[in-house]
Participant: 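Okay, handing you the structure first.
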Protein chains: 2
Amino acid sequence: MSNDTSRTDGSATVTPKSAYHHGDLRAQLIAAVRDLIETRGPDGFSVAEAARRAGVSSAAPYKHFKDRPEILRGVVSEAMDRLRAAMEAGAAAHPVGSLEAVAAIGLAYVDFARSEPGVFRLVFGLTEGHENAPELQQKGEGCFGVVVQGAAACLNLSPSDPEVQRRAYMLWSFVHGHSFLHIDMKTKVTTARIDDWDYLMTISRAILAS
Amino acid sequence: MSNDTSRTDGSATVTPKSAYHHGDLRAQLIAAVRDLIETRGPDGFSVAEAARRAGVSSAAPYKHFKDRPEILRGVVSEAMDRLRAAMEAGAAAHPVGSLEAVAAIGLAYVDFARSEPGVFRLVFGLTEGHENAPELQQKGEGCFGVVVQGAAACLNLSPSDPEVQRRAYMLWSFVHGHSFLHIDMKTKVTTARIDDWDYLMTISRAILAS
DNA sequence: AAGATATGTGAGCGGTGCTAACTTTGGCTT
DNA sequence: AAGCCAAAGTTAGCACCGCTCACATATCTT
């Protein structure tokens with residue numbers, strides 16, 4: 001089935017209705033759900049409405065997803081891909097092993113949380129379904145791996161070194177908490193307000209140089 | 001295990017004698033919802049089922065709560081009261097101004113997240129409704145205030161000092177991230193596994209002594 | 001050309017959020 | 001004490017949602 005023309009990579013180049021009946025309905029549903037989650041909150045989304053937005057009947061989604069949670073898992077999976085890509089891109093913009101590279105990873109994380117708070121919360125709130133979703137587990141570990149890589153390069157140690165893992169965990173913990181607090185109390189705690197980059201550099205230095 | 005139903009609700013507090021038709025249905029509904037959230041996940045709860053557990057019709061809850069989100073807000077409000085009490089109790093178990101007091105605040109936070117992961121996630125995932133709920137905002141600031149108090153005592157500065165606020169924010173960010181990662185990837189990242197108390201002491205020292 | 005299979009539709013079942021109209025309860029006024 | 005009246009509960013019901021089933025149609029394989 002792969003000898004034909006374009007790949008279904010969600011590029012959405014020109015014609016969304018070139019494949020089977022509808023186009024790549026699966027990708028369009030995920031996009032619709034993502035949008036709904038972002039605008040109406042993680043709970044205010046329904047499969048029916050996503051189908052409506054995609055222009056199909058309310059039963060069509062179930063040809064591509066087993067049930068509602070599986071759709072959410074699809075959204076999370078896609079989001080994790082983008083999150084990891086953003087983190088890697090952030091790291092790649094700075095010299096390997098530099099503190100700046102580590103801080104850039106954290107900044108990508110925070111930026112992601114701020115630009116898509118609904119999806120971000122979903123990613124880390126969907127852990128109920130994680131048990132049966134090794135793919136998500138794997139992608140989560142992949143994201144953590146980016147932090148580990150950065151920390152290892154910075155410390156000039158092997159990524160498998162427990163000390164590296166420990167510091168990476170501390171880094172992630174900090175950045176994760178900062179992201180969550182940031183999107184939770186948006187403009188609150190203004191007295192403690194700080195520039196993200198300075199903050200992340202300070203944190204990275206404190207954790208990787210002790 | 002005496003079932004001590006002490007609901008510190010804004011309006012009619014504990015009035016066991018009156019009990020109109022049913023008793024304090026409001027408190028019982030909140031308890032039922034809390035239990036449902038903890039066992040079936042934050043999404044797998046329905047007002048109907050909570051009413052069923054409380055032994056009333058499915059319309060009865062709407063005499064006490066405007067809608068579903070308001071019930072959730074009630075659960076969050078009650079949970080925040082307990083969280084703050086736990087944090088204060090943790091701090092009170094150690095000398096004022098000691099690093100141990102600060103670490104104990106963090107430990108209470110982590111323990112709360114671990115013992116009620118569903119409710120914990122709800123507390124910080126319900127921020128969509130926070131805008132119209134100044135009561136929750138206020139209680140959130142109250143919890144933050146406990147951390148600020150601890151940091152201020154430790155640094156021998158005023159709680160209103162920006163530097164204190166900044167450090168308190170860092171502490172909270174760290175503990176919050178640690179809690180979330182902890183309940184998310186329960187047994188994962190085992191290589192980085194650490195004793196909570198040691199971890200929190202290390203963090204507290206790092207943040208409050210630089 | 002002819003299945004086989006993937007992808008869509010419409011009808012429909014049970015459950016849910018919420019409202020409306022009604023009944024019961026018990027405190028408060030007189 | 002009589003009686004009003006608001007609080008607190010009930011049943012009935014609407015609209016929507018998740019999901020399934022039977023069926024229609026488009027594409028792939030042979």
Side-chain angles (χ1 to χ4, degrees), chain A residues 1-8 10 15-30 32-33 36-37 40-75 122 126 128-129 132, chain B residues 7 9-33 36-37 39-75 122 126 128-129 132:
Chain A
M1 61 173 63
S2 63
N3 71 348
D4 209 354
T5 58
S6 63
R7 294 188 43 80
T8 62
T15 60
K17 50 176 302 183
S18 62
Y20 282 86
H21 294 192
H22 174 276
D24 195 3
L25 179 58
R26 188 189 156 96
Q28 254 180 274
L29 280 173
I30 288 185
V33 168
L36 279 172
I37 287 175
R40 310 245 269 253
D43 306 336
F45 121 85
S46 70
V47 178
E49 176 128 8
R52 226 171 284 134
R53 289 208 180 187
V56 295
S57 75
S58 62
Y62 296 95
K63 297 290 176 176
H64 296 267
F65 302 92
K66 188 174 127 287
D67 52 10
R68 191 179 192 273
E70 189 167 305
I71 301 182
L72 272 309
R73 258 176 273 142
V75 175
L122 178 68
L126 201 72
E128 338 284 315
N132 299 349
Chain B
R7 302 285 170 267
D9 188 7
S11 58
T13 47
V14 185
T15 53
K17 72 170 194 67
S18 56
Y20 276 87
H21 294 191
H22 174 276
D24 195 1
L25 179 59
R26 187 189 156 97
Q28 256 180 272
L29 281 174
I30 287 184
V33 168
L36 278 172
I37 286 174
T39 58
R40 310 243 269 252
D43 306 335
F45 122 84
S46 70
V47 178
E49 176 128 9
R52 227 170 284 135
R53 288 209 180 187
V56 295
S57 76
S58 63
Y62 296 95
K63 297 291 176 176
H64 296 267
F65 300 93
K66 187 174 126 291
D67 52 10
R68 192 178 191 273
E70 188 167 305
I71 301 183
L72 272 309
R73 258 177 273 142
V75 174
L122 178 68
L126 202 71
E128 338 285 315
N132 298 349

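Within every chain, numbering begins at 1; the chains are lettered A, B, ... in the order of the sequence lines, protein sequences first and strands thereafter. Just so it is clear, the model here is predicted, and its values are computed rather than measured.
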Participant: If you restrict it to nitrogen or oxygen atoms, what contacts under 3.5 Å exist between nucleotides 14-18 of chain D and the protein, and what is each distance?
Facilitator:
{"unit_1": "dC17(D)", "atom_1": "OP2", "unit_2": "R52(A)", "atom_2": "NH2", "d": "3.0"}
{"unit_1": "dG18(D)", "atom_1": "OP1", "unit_2": "V47(A)", "atom_2": "N", "d": "3.0"}
{"unit_1": "dG18(D)", "atom_1": "OP1", "unit_2": "R68(A)", "atom_2": "NE", "d": "3.2"}
{"unit_1": "dG18(D)", "atom_1": "OP2", "unit_2": "V47(A)", "atom_2": "N", "d": "3.0"}
{"unit_1": "dG18(D)", "atom_1": "OP2", "unit_2": "A48(A)", "atom_2": "N", "d": "3.1"}

Participant: Quickly work out the E70(B) CD to dT19(C) P distance and round it to whole Å.
Facilitator: 11 Å

Participant: Please tabulate, one pair per line, all N/O donor-acceptor pairs under 3.5 Å involving side-chain atoms of residues 41-62 of chain A, not counting sequence neighbours.
Facilitator:
{"unit_1": "S46(A)", "atom_1": "OG", "unit_2": "E49(A)", "atom_2": "N", "d": "3.0"}
{"unit_1": "E49(A)", "atom_1": "OE1", "unit_2": "R40(A)", "atom_2": "NH2", "d": "2.8"}
{"unit_1": "E49(A)", "atom_1": "OE2", "unit_2": "R40(A)", "atom_2": "NH2", "d": "3.0"}
{"unit_1": "R53(A)", "atom_1": "NH1", "unit_2": "D35(A)", "atom_2": "OD2", "d": "2.8"}
{"unit_1": "S57(A)", "atom_1": "OG", "unit_2": "A59(A)", "atom_2": "N", "d": "3.4"}

Participant: Test: salt bridge (charged side-chain N to carboxylate O under 4.0 Å, His left out). Region: residues 59-70 of chain A. Which pairs qualify, not counting sequence neighbours?
Facilitator: none

Participant: Would you indicate, yes or no, if dA6(C) has its OP1 or OP2 atom less than 4.0 angstrom from a side-chain nitrogen or oxygen of H64(A)?
Facilitator: no

Participant: To the nearest Å, how far apart are F65(A) CZ and dT7(C) P?
Facilitator: 12 Å

Participant: Expressed in angstrom and rounded to an integer, what is the separation of L25(A) atom CG from dA26(D) atom P?
Facilitator: 16 Å

Participant: If I take atom CG from residue L29(A) and atom NE2 from residue H64(A), how far apart are they, to the nearest 0.5 angstrom?
Facilitator: 7.0 Å

Participant: If I take atom CZ in residue R26(A) and atom P in nucleotide dG8(C), what distance separates them, rounded to the nearest angstrom?
Facilitator: 13 Å

Participant: Checking contacts here: which listed nucleotide (dA21(C), dG8(C), dT11(D)) is nearest the side-chain heavy atoms of S57(B)?
Facilitator: dT11(D)

Participant: Output the distance between atom CZ (R26(B)) and atom CD1 (I71(B)), rounded to the nearest 0.5 Å.
Facilitator: 9.5 Å

Participant: Rounding to a whole Å, what distance do you find between K63(A):NZ and dC23(D):P?
Facilitator: 13 Å

Participant: Between dA8(D) atom P and Q28(B) atom CD, what is the distance in whole Å?
Facilitator: 14 Å

